[in-house]
Amino acid sequence: MTSGGYGYALGHDVALALLPERFSKPGTKLDVAILGDWKVAEVIADSPYDPTSARARM
């Protein structure tokens, strides 16, 4: 993982990571260690960035 934090506009944690191609398919579940605590992460297809907050208004 290269960086991460809580996405207030999205309502959940967001992390960025560099993955080997074999793990990069959207929907792939991964176990990641965050400060010694294991969490399940899922690869998503699109960037969660939403500059107009259109998805937050749905």
Side-chain angles (χ1 to χ4, degrees):
M1 196 163 26
T2 59
S3 61
Y6 187 76
Y8 291 95
L10 301 171
H12 56 82
D13 295 321
V14 178
L16 302 175
L18 299 173
L19 299 172
E21 188 173 349
R22 68 183 182 273
F23 297 121
S24 65
K25 182 180 175 188
T28 301
K29 304 275 191 202
L30 304 166
D31 292 323
V32 295
I34 301 173
L35 300 173
D37 192 19
W38 287 93
K39 302 285 185 180
V40 176
E42 181 177 343
V43 176
I44 61 172
D46 296 322
S47 171
Y49 179 66
D50 184 12
T52 63
S53 298
R55 288 180 284 207
R57 293 190 191 103
M58 290 188 203

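This is a predicted model, so every value here is computed, not measured.
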Undergrad: Taking distance alone, no hydrogens or angles, what donor-acceptor pairs closer than 3.5 Å link side-chain atoms of residues 21-28 to residues at least two apart or in another chain?
TA:
from	atom 1	to	atom 2	distance (Å)
Ser24	OG	Glu21	O	2.7
Thr28	OG1	Lys25	O	2.6

Undergrad: Not counting sequence neighbours, list each pair that qualifies as a salt bridge (Lys or Arg N to Asp or Glu O under 4.0 Å) and has a residue in residues 27-36.
TA: Lys29-Glu42
Undergrad: Among Asp13, Val32, Leu30, whose side chain to side chain contact (heavy atoms under 4.5 Å, CB included) with Lys39 holds?
TA: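 Considering Asp13, Val32, Leu30, a side chain to side chain contact (heavy atoms under 4.5 Å, CB included) with Lys39 is found only for Val32.
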Undergrad: For Val14, does its backbone N or O pair with a side-chain atom of Tyr6 as donor and acceptor, under 3.5 Å?
TA: no
